[in-house]
Amino acid sequence: MCTISGGKDKKAIEEGEFDQLKGRGKPLKQDDLSHVPEDLRMGYRLLKNSGFLPEELQINKELVTLRDLIKSCDSESEKKRLEKKLTEKELRLRMLIEKRGIKKSPVYRQYRHKLDRLSQR
């Protein structure tokens, strides 16, 4: 929980200047980075706040979307097209991970396990 130490902020609160703010009384929305290893969270938060998404995360995001589309697809031809695209993206992700040598990292193995669980939802 945050505390207010500045005199101006405390006075503004006492005078009700913040009472009309949207979301008043509700907890602040937190970034869910629980799937990112703790030692990488600050870096990922900085990248995210600057609008950058590492290629492996972008591909993983696309994999989740493709799996959802395949599940809801009625057309067999469209489903096959999406499955082909899914396979290509999975291969691209594996190649990227191997190229960067990420796969050997124990942190990656823990991270990959969490990503796999997220993508199966």
Side-chain angles (χ1 to χ4, degrees):
M1 179 156 177
C2 294
T3 58
I4 308 269
S5 58
K8 290 181 181 181
D9 292 335
K10 193 171 185 178
K11 184 177 178 187
I13 290 171
E14 289 170 359
E15 293 175 0
E17 292 185 31
F18 298 117
D19 289 349
Q20 302 303 317
L21 293 176
K22 184 178 178 183
R24 180 179 174 261
K26 297 178 183 173
L28 293 174
K29 193 173 188 177
Q30 299 290 320
D31 285 340
D32 181 21
L33 294 177
S34 60
H35 61 283
V36 176
E38 193 171 329
D39 58 331
L40 298 176
R41 287 183 189 161
M42 182 55 71
Y44 274 75
R45 183 168 282 119
L46 288 170
L47 291 170
K48 181 181 177 191
N49 289 343
S50 68
F52 178 79
L53 192 59
E55 187 177 2
E56 61 270 18
L57 290 181
Q58 179 61 42
I59 292 172
N60 198 63
K61 187 176 176 181
E62 292 170 12
L63 290 172
V64 171
T65 301
L66 283 168
R67 287 182 184 115
D68 287 345
L69 286 171
I70 290 168
K71 285 178 189 176
S72 63
C73 191
D74 293 332
S75 165
E76 198 59 40
S77 62
E78 181 66 9
K79 190 173 187 174
K80 286 185 184 207
R81 186 187 71 77
L82 291 170
E83 287 171 343
K84 180 181 179 196
K85 194 171 182 179
L86 177 71
T87 302
E88 291 168 355
K89 292 283 181 186
E90 288 171 335
L91 181 60
R92 173 69 185 133
L93 181 59
R94 280 190 222 119
M95 289 170 52
L96 182 64
I97 288 169
E98 287 178 22
K99 178 182 174 189
R100 294 186 182 173
I102 298 170
K103 206 171 201 172
K104 297 173 185 171
S105 162
V107 172
Y108 170 76
R109 284 192 285 273
Q110 177 186 10
Y111 176 59
R112 182 74 238 165
H113 176 70
K114 290 182 180 186
L115 283 176
D116 288 341
R117 283 192 326 205
L118 284 173
S119 67
Q120 293 173 0
R121 288 184 184 174

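Along the sequence shown, residues are numbered consecutively beginning with 1.
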Between [X] and [Y] (salt bridge meaning N to carboxylate O under 4.0 Å), is one present in this structure?
X     : Y     : value
Lys99 : Glu56 : no
Glu55 : Arg92 : yes
Arg81 : Glu78 : yes

Problem set entry | Matching residue for Leu86 among Leu66, Leu69, Leu91 - test: side chain to side chain contact (heavy atoms under 4.5 Å, CB included) | Leu66

Quick one: [atom1] on [X] to [atom2] on [Y], what's the gap to the nearest 0.5 Å?
X     : Y     : atom1 : atom2 : result
Leu21 : Glu17 : CG    : CD    : 10.0 Å
Ile70 : Lys80 : CD1   : NZ    : 12.5 Å
Met95 : Ile97 : CE    : CD1   : 11.5 Å
Leu63 : Arg67 : CG    : CZ    : 5.0 Å
Gln58 : Lys89 : CD    : NZ    : 8.0 Å

Exercise. Is there a side-chain contact between Arg45 and Lys48, using heavy atoms and a 4.5 Å cut-off?
Worked result: no

Problem set entry | Min side-chain heavy-atom separation Lys79-Glu83 under 4.5 Å | yes

Problem set entry | Hydrophobic cluster identity match, Leu57 and Leu40, side-chain contacts under 4.5 Å | yes

For this session: Inspect the surroundings of CD in Gln20 and state if more than 12 heavy atoms from other residues, nucleotides or ligands are less than 6.0 Å away.
Result: no

